Amino acid sequence: AAPPLPRARPAPEAPTLASLAGQTETAAAPPVRPPAELPASPRLMSVQKALAKIGYGPVRIDGRDSAATRAAIERFERDRRLPVTGTVSDRLLRELTAVSGLAVQ
């Protein structure tokens, strides 16, 4: 009879960040909050209202960051020859206030 074949060993598992940091794999990470649970930003809501008023939509006026809001900000910045960032800045607020006639804060 032929000698028994050696049994294959399972491949060692690659280390994880938790194991490298000395934590156990069962350490619970804080839950990730979906965007709908994040509080609305009054500042971003006023930016969205101003952008919608002057035709930079469609923008959902909900005070939450979105791809549509960032794209509208970028279009406005390009049209006004501002640095294109897609983010809310003091300069963007001043320009939106001047163009829209709304008090964008």
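These numbers come from a predicted model, not from an experiment. Excluded from the calculations below are hydrogen atoms, water molecules and symmetry mates; all remaining heavy atoms, backbone and side chain alike, are included.
Among residue pairs with one or both ends in residues 92-105, those qualifying as side-chain hydrogen bond (donor to acceptor under 3.5 Å, both in side chains) are R80-E95; sequence neighbours excluded. Contacts classified as ring-ring contact (aromatic ring centres under 6.0 Å, His included) and involving residues 85-105 (residues at least two apart or in different chains) are not found.
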Name every donor-acceptor pair, under 3.5 Å, that has one atom in a side chain of residues 54-63 and the other anywhere in the protein, sequence neighbours excluded.
residue, atom, partner, partner atom, Å
Y56, OH, D79, OD2, 2.6
D62, OD1, Q48, NE2, 3.4
D62, OD1, R64, N, 3.0

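The line from CG of L44 to OG of S66 is 7.5 Å long, rounded to the nearest 0.5 Å.
Transitive grouping of hydrophobic side chains (ILVMFWY, heavy atoms separated by less than 4.5 Å) brings V47 and V99 into a common cluster.
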Discussion item. Under the criterion side-chain contact (heavy atoms from CB on, under 4.5 Å), I'd like the reasoning laid out for L102 against L96: C-alpha separation, chi angles, the key distance, then a yes or no.
Written reply: CA-CA 8 Å; L102 297 175; L96 272 174; over 6 Å; no

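Every side-chain contact (heavy atoms from CB on, under 4.5 Å) that T87 has, sequence neighbours left out, goes to T85. Taking R75 as the reference, nothing meets the salt bridge (Lys or Arg N to Asp or Glu O under 4.0 Å) condition, with sequence neighbours excluded. Remark: R43 engages D90 in a side-chain hydrogen bond (donor to acceptor under 3.5 Å, both in side chains) (not counting sequence neighbours).
Residues P83 and R91 share a closest heavy-atom pair of CD-NH1, 3.5 Å.
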